[in-house]
Amino acid sequence: MIGIFDSGVGGMTVARAVEQVLPQRSIVYFGDVARTPYGSKSPETIQRYACQNTEFLLDKGAKLIIIACNSAASVAGDLLKKKYDVPIIEVISPAVKLATQKSRLGRIAVIGTRATINSKVYEKNISDLRPEATVFSQQCPLLVPLVEEGWLHKRETKMILRRYLHPLKVQSVDTLVLGCTHYPLLRHLIEPRIGAGVTVIDSSLAVAHELDEYLTKRPAFADTLSTSSTTHYYVSDRTETALNTAQRIFDRPVDLQQVSVTG
Ligand code: DGL
């Protein structure tokens, strides 16, 4: 089974992408709805939560973990890779790889939560792959609540996006990384506001393709994963907002099972 975790249900954009790219694979998903958002928490707290979430998924039979949450991947990715003896794939590296390949002029913008942007992980990873690139980062703390409220077409959301994207636009960026689970749901508003010539990188699809590549290169390991194409969605709190956001992502009702990961 492929284990995927996120701070909430936003990471289902990654589960959805994995389902699209690898429809035969079984997924076990955990969304830490009770403790969301991670984006405004300290690195130490996020690391502790990330370990608990990983252990929950391993107990459920996951043989590979995807950190779908950009905030968790930013501050806990290295720790999880060191601590657990299973392959760990996170959302940041695949998005960075794609952005550095696609960017024509090396002017790359990244939008994300406070935790993600403050970690500077995108700057570091981009400069490792493309040292001459310039990275422009923008924290967008208001976007997650807007998505969770379902404000996907509201005037206020468009205004806030214009405000966040303007400083990036004036820098003539040619690539924009959606560095947060929730932002793919705002892509229809982001694209026209950042400008037609800008390549938008959706990290959820990037991670699904990375997983596909990883498994194709390791057929023996891939054979150990179940192919019953079942998906179990667990959450630490079964709230109405979580149910609505999950339904918005999959465009169908999603069965969320409530569990506790803290013992
Ligand atoms: N999942 C988080 C991320 O991708 C967004 C929500 C949160 O702040 O917990 O950064």
Side-chain angles (χ1 to χ4, degrees), residues 3-18 29-50 52-54 57 65-77 80 88-96 99 109-123 125 137-152 157 160-161 164 176-187 190 200-208 210 233-237 239 241-242 244-246 248-249 256 261:
I4 303 179
F5 80 82
D6 177 41
S7 57
V9 292
M12 286 185 182
T13 53
V14 173
R16 180 183 65 178
V18 171
Y29 180 95
F30 175 70
D32 200 2
V33 175
R35 303 187 290 195
T36 202
Y38 283 10
S40 49
K41 296 201 165 63
S42 69
E44 295 72 25
T45 298
I46 300 173
Q47 285 167 356
R48 182 159 47 88
Y49 293 171
Q52 289 168 342
N53 302 345
T54 303
L57 292 173
I65 302 289
I66 296 181
I67 314 174
C69 178
N70 276 261
S71 306
S74 300
V75 303
L80 298 192
I88 308 261
I89 294 183
E90 35 72 28
V91 271
I92 293 167
S93 314
V96 163
V110 180
I111 53 175
T113 64
R114 281 212 176 94
T116 298
I117 299 303
N118 285 343
S119 76
K120 301 210 183 301
V121 72
Y122 274 98
E123 276 97 330
N125 288 10
S137 301
Q138 175 72 50
Q139 315 181 346
C140 305
L142 295 173
L143 298 186
V144 167
L146 288 169
V147 170
E148 299 210 329
E149 287 304 317
W151 285 31
L152 305 184
T157 309
I160 290 168
L161 268 174
Y164 282 147
L176 171 68
V177 180
L178 306 182
C180 174
T181 46
H182 290 57
Y183 302 171
L185 293 178
L186 294 171
R187 192 178 175 137
I190 292 171
V200 173
I201 309 287
D202 173 343
S203 49
S204 60
L205 267 176
V207 76
E210 173 91 0
Y233 293 105
Y234 295 99
V235 286
S236 50
D237 195 9
T239 62
T241 312
N244 290 340
T245 308
R248 211 166 284 128
I249 291 169
L256 303 181
V261 295

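Residue numbers run from 1 in the order of the sequence given. One-based numbering, in listed order, for ligands and for the atoms of each. Below, all heavy atoms of this structure are taken into account, side chains as well, without hydrogens, waters or symmetry copies.
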*asked:* If the cut-off is 4.0 Å to any non-hydrogen atom of D6, which atoms of ligand 1 fall inside it?
replied: 1 (N)
_Check this for me - ligand 1, T181, N or O atoms closer than 3.5 angstrom, yes or no?_
yes
*Strictly by modelled atom types, are T239 and D237 linked by a side-chain donor-acceptor pair under 3.5 Å?*
no
_Using a 4.0 Å cutoff against the non-hydrogen atoms of T36, which atoms of ligand 1 qualify?_
9 (O)
*Against heavy atoms of Y38, which atoms of ligand 1 measure under 4.0 Å?*
7 (C), 8 (O), 9 (O)
*Residue S71 vicinity, atoms of ligand 1 by number, heavy atom under 4.0 Å*: 2 (C), 3 (C), 10 (O)
*Please indicate whether R114 has more than 12 foreign heavy atoms, meaning atoms of other residues, nucleotides or ligands, lying under 6.0 Å from its CZ.*
no
_Within ligand 1, which atoms have a heavy atom of C69 less than 4.0 Å away?_
1 (N), 2 (C), 3 (C), 4 (O)
*Contact atoms of ligand 1, heavy-atom distance to S7 under 4.0 Å*: 1 (N), 2 (C), 6 (C), 7 (C), 9 (O)
*Would you confirm whether the ring centroid of Y29 sits within less than 6.0 angstrom of the ring centroid of Y233?*
yes
*Taking atom CG of N53 and atom OG of S7, what is their separation to the nearest 0.5 Å?*
9.0 Å
*Looking at side-chain heavy atoms only, is the closest gap between L256 and V33 below 4.5 Å?*
no
_Run the ring-ring contact (aromatic ring centres under 6.0 Å, His included) test against Y49 and tell me which residues pass, sequence neighbours left out._
Y38
*Option with minimal heavy-atom separation from atom 5 (C) of ligand 1, where the choices are A68, C180, G39, S204*: C180
